[in-house]
Amino acid sequence: MFVLFEDAGAFKAGTVVSEQETTLHVELPSGRRLKVKRNAVLLRFDEPPPQVLLDEAQARAEALDVDFLWEVCGEDEFSFLDFAREYHGAEPSAVDAAALLLRLHAAPIYFHRKGKGRFQKAPPEILQAALAGLEKKRKRQEAIERMRDELLAGQLPGEIAAALPQILYRPDRNRPETQALEAASVALRCSTAQLLLSVGAIASTHDYHFGRFVFEAFPDGLDFPEHAVPALPQDLPTADVEAFSIDDLSTTEIDDAFSVSPRPGGGWRIGVHIAAPALGISPGDTIDAIARNRMSTVYMPGRKITMLPPAVVERFTLAEGHTPPALSLYLDVDASLAIQGMETRLERVPIAANLRLHALEPFFNEETLQDALPEDLPWRTELKLLWELATVLEAGRGKASVAQNQMDYIFHVDWAVTTEDGPGWVTITPRPRGAPIDKLVSEFAILTNQTWGRRLAEHDLPGIYRVQPAGGKVRMALAAESHEGLGVDCYAWSSSPLRRYVDLVNQMQLIATVRGTPAPFPERGPELLSIVRQFEAAYLSYQEFQRHMERYWCLRWLRQHRIARLCATVLRDDLVRCERLPLIVKVPSLPPLDPGCRVELEVESTELIDLELKLRFRRLIGPGEATEAAPDESTTTVQ
């Protein structure tokens, strides 16, 4: 005796070994024995053998027309055996009965299960809805397979191209485009980003990283909304000075400039002139909303994303040959460089020159200051005086204005040159921190931010301050508190209103104190707290992105120069700082070495999507041992 029964949702057939009142012991064709409850048995038969029954029943079931079965069965609940008798017009064979059972079971949208071996036909409206769903699913699967095949053939499907940022940076795995992309990536054994790069969906690895940042930080895109350019105020006096700025070559948002004028009877009147966009921007207007949304200019090697629209920047920047509005801090200095008085004024300031660091620094440095500044150095006298006063200011604070013995790195990307990794030839120039020009600019910025922060406190107005208690971390606050790291009693960012929103807010407050008008933010309320929180979040995000892109361009530099070996200094354990580049990397093969040891490493691989640099330890560099020089950027031939 053989039986067909259901076990764990599957149909099985076997030989009855013994029977009890409620159970049967059944031996499967595989030899395995099961205890089967009597009510789980759906069919008893004498022939054919169990495995033959299952095989033949499955073949016959596939030939049965399920639509016809649905049409001819009754509306009421039924047993598969009763239906088999009615369908065949006689007592069905075991194979015919089993075939019908398997077909009914395999068509749940046509026949709803009502118990073991019992079914009921689906109502017409439910069946039609289910069939429509199946058709939709079939078409979806066909689309997934088509898109996958296109990707495998090196083509970009239109559906993926139309939703590329979403698919690439925030994939929804329920979308067919994402499923196709992931299926193709698995088949090719690469990441989705690498696959999209290979089919031309992403122009370069640089665009991949930049696009991710824009997608996350600027979901509405980088284009500025429609806006009017603020008019310049016409009621400001023109300062009787000739001012000059000191900035990097790429700087367009020139926030600050200096002037030096002799005073009758001796001494000088030194001006620190800060661009005054707050004269044309009010809280809540269109430009303010733009600036508040961005919070800061975003910097990265080779490009930047400005906080303010270009036309607004152009209107207020301290550009050479223009007389823009400025908030000026004047210092009355005697012959001994003692500050005898200060004055804050709103005025228009003639800008005579925009000095650039790359042109100025070779002639204004530690050596030339010790000897003598070149006679033909533009603004020689003024720069020397500002430098001398800066050293006095630094000594008065008791703190260094610029961290010493640290290295900065200047990145320059020539977008006109294309390498195998895409557009951009990067030059990375080490620059020791603490140069005289750095100290000059920093000291006057510190003095300005301290003085104007104190002015807000004296007028009992809130400002946005940078504070640092003794031994504590730097944080932002709405009240004047000390900044121990700088050695000042208060410090309110005010010197970069074209580039930082908190500076713009502080300038709005300061202008109210100069003009004697109501301040835009008279109290330390939720509005200013919200600005602080939003600024801190945005600023941290922008700084992290800048570091991310600096790492990217460091790897590009290694690849474009085909660097096979580099030197590094051990920081701790397997962590090293690369020489010549601002890169800190883990080297798993590094043996136990003391911090400060110099090592030579082999570059095994660089990966521009995940920004991975794999290095292998080669040898320890002895004290005083010469190493191979880095590529000379000034003489490198670009192919």
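- Note that CG of Leu355 is 6.0 Å distant from CD1 of Ile246, once rounded to the nearest 0.5 Å.
- Ring pair Phe545/Phe210 is tilted by interplanar angle, where 30° to 60° counts as tilted.
- To the nearest 0.5 Å, atoms CD1 (Ile254) and CZ (Arg499) are separated by 9.0 Å.
- Looking at every heavy atom in both residues, Leu369 comes nearest to Phe364 through CD2-CE1, 3.9 Å.
- With 3.5 Å as the limit, one finds a donor-acceptor pair spanning the side chains of Thr606 and Arg559.
- Within a 6.0 Å sphere centred on CG of Asp460, heavy atoms belonging to other residues, nucleotides or ligands number 12 at most.
- Checking side-chain atoms of Asp438 against main-chain N and O of Ala435 turns up a donor-acceptor pair under 3.5 Å.
- Using modelled atom types, no side-chain atom of Thr451 and backbone atom of Thr448 make a donor-acceptor pair closer than 3.5 Å.
- Shown here is Glu579, whose CD atom has more than 12 heavy atoms of other residues, nucleotides or ligands within 6.0 Å.
- To the nearest 0.5 angstrom, Ser259 atom OG is 9.0 Å from Trp379 atom CH2.
- Scanning all heavy atoms of the two residues, the minimum distance from Pro497 to Leu308 falls at O-CD1, 4.4 Å.
- With hydrogens and angles disregarded, no donor-acceptor distance shorter than 3.5 Å links the side chain of Arg533 to the backbone of Leu528.
- Ring planes of Phe224 and His227: perpendicular class, angle over 60° (limits at 30 and 60°).
- Using modelled atom types, one side-chain atom of Asp503 and one backbone atom of Ser495 make a donor-acceptor pair closer than 3.5 Å.
- Side-chain contact annotation: Gln509 with Arg455, donor-acceptor N/O pair under 3.5 Å absent.
- Closest non-hydrogen pair, Leu337 versus Leu389, comes out as O-CD1, 3.7 Å.
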#### Entry: Criterion side chain to side chain contact (heavy atoms under 4.5 Å, CB included) on Leu581 and Leu558, from CA distance to verdict
CA-CA 9 Å; Leu581 296 171; Leu558 291 172; 3.7 Å; yes

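- For the pair Arg170 and Phe215, the cation-pi test (distance below 6.0 Å, angle within 45°) is failed.
- One N or O on the side chain of Gln468 and one on the backbone of Gly472 form a donor-acceptor pair closer than 3.5 Å.
- Checking each of Tyr330, Phe258, Phe316 against His273 for a ring pair (Phe, Tyr, Trp, His ring centres under 6.0 Å) leaves exactly one that passes, namely Tyr330.
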### Query
Between Val599 and Leu593, does a side chain to side chain contact (heavy atoms under 4.5 Å, CB included) hold up when you go through it step by step?
CA-CA 10 Å; Val599 293; Leu593 293 170; 3.5 Å; yes

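- Side-chain N or O atoms of Asn365 include one that pairs as donor or acceptor with a backbone N or O of Glu361 at under 3.5 Å.
- For Arg212 and Tyr169, the positive end is not near the middle of the six-membered ring at less than 6.0 Å and at most 45° from its axis.
- Between the side chain of Gln507 and the backbone N or O of Ala278, at least one donor-acceptor pair lies under 3.5 Å.
- Although no hydrogens or angles enter the test, the distance criterion places no donor-acceptor pair under 3.5 Å between the side chain of Arg598 and the main chain of Thr569.
- Residues Val467 and Met476 fail the side-chain proximity criterion, which asks for heavy atoms closer than 4.5 Å.
- Judged by distance alone, the side chains of Thr252 and Lys304 do bring a donor and an acceptor atom under 3.5 Å apart.
- Counting non-hydrogen atoms of neighbouring residues, nucleotides and ligands closer than 6.0 angstrom, the CD atom of Glu382 exceeds 12 such neighbours.
- Between the Asp285 side chain and the Ile281 main chain, no donor and acceptor come within less than 3.5 Å of each other.
- Counting non-hydrogen atoms of neighbouring residues, nucleotides and ligands closer than 6.0 angstrom, the CG atom of Asp248 exceeds 12 such neighbours.
- For Glu536, the CD atom sits in a packed shell: over 12 heavy atoms of surrounding residues, nucleotides or ligands are nearer than 6.0 Å.
- A donor atom on one side chain and an acceptor atom on the other are found under 3.5 Å apart for Asp288 and Tyr501.
- Side-chain atoms of Ser261 and Trp268 form no donor-acceptor pair, as typed in the model, at a separation below 3.5 Å.
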### Task
Decide salt bridge (charged side-chain N to carboxylate O under 4.0 Å, His left out) for Glu527 and Arg292; before the verdict, give the C-alpha distance in whole Å, the side-chain angles of both, and the deciding distance to 0.1 Å.
CA-CA 12 Å; Glu527 187 74 6; Arg292 182 166 179 177; 2.5 Å; yes

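- Summarising the local packing, CZ of Phe218 is surrounded by more than 12 heavy atoms from other residues, nucleotides or ligands at distances under 6.0 Å.
- Between the side chains of Thr205 and Tyr552, at least one donor N or O sits under 3.5 Å from an acceptor N or O.
- Here CG of Leu447 is found 12.0 Å from CG of Leu486. Values are rounded to the nearest 0.5 Å.
- A donor atom on one side chain and an acceptor atom on the other are not found under 3.5 Å apart for Gln166 and Asp172.
- The ring of His206 has its center closer than 6.0 angstrom to the ring center of Trp553.
- In this structure a side-chain-to-backbone donor-acceptor pair under 3.5 Å is present from Asp334 to Ser336.
- With sequence neighbours excluded, the residues satisfying side-chain contact (heavy atoms from CB on, under 4.5 Å) with Gln543 are Tyr539, Leu540, Arg547.
- Surrounding CZ of Arg577 are at most 12 heavy atoms belonging to other residues, nucleotides or ligands under 6.0 Å away.
- Of the N and O atoms on the side chains of Glu253 and Thr317, not one donor lies less than 3.5 Å from an acceptor on the other residue.
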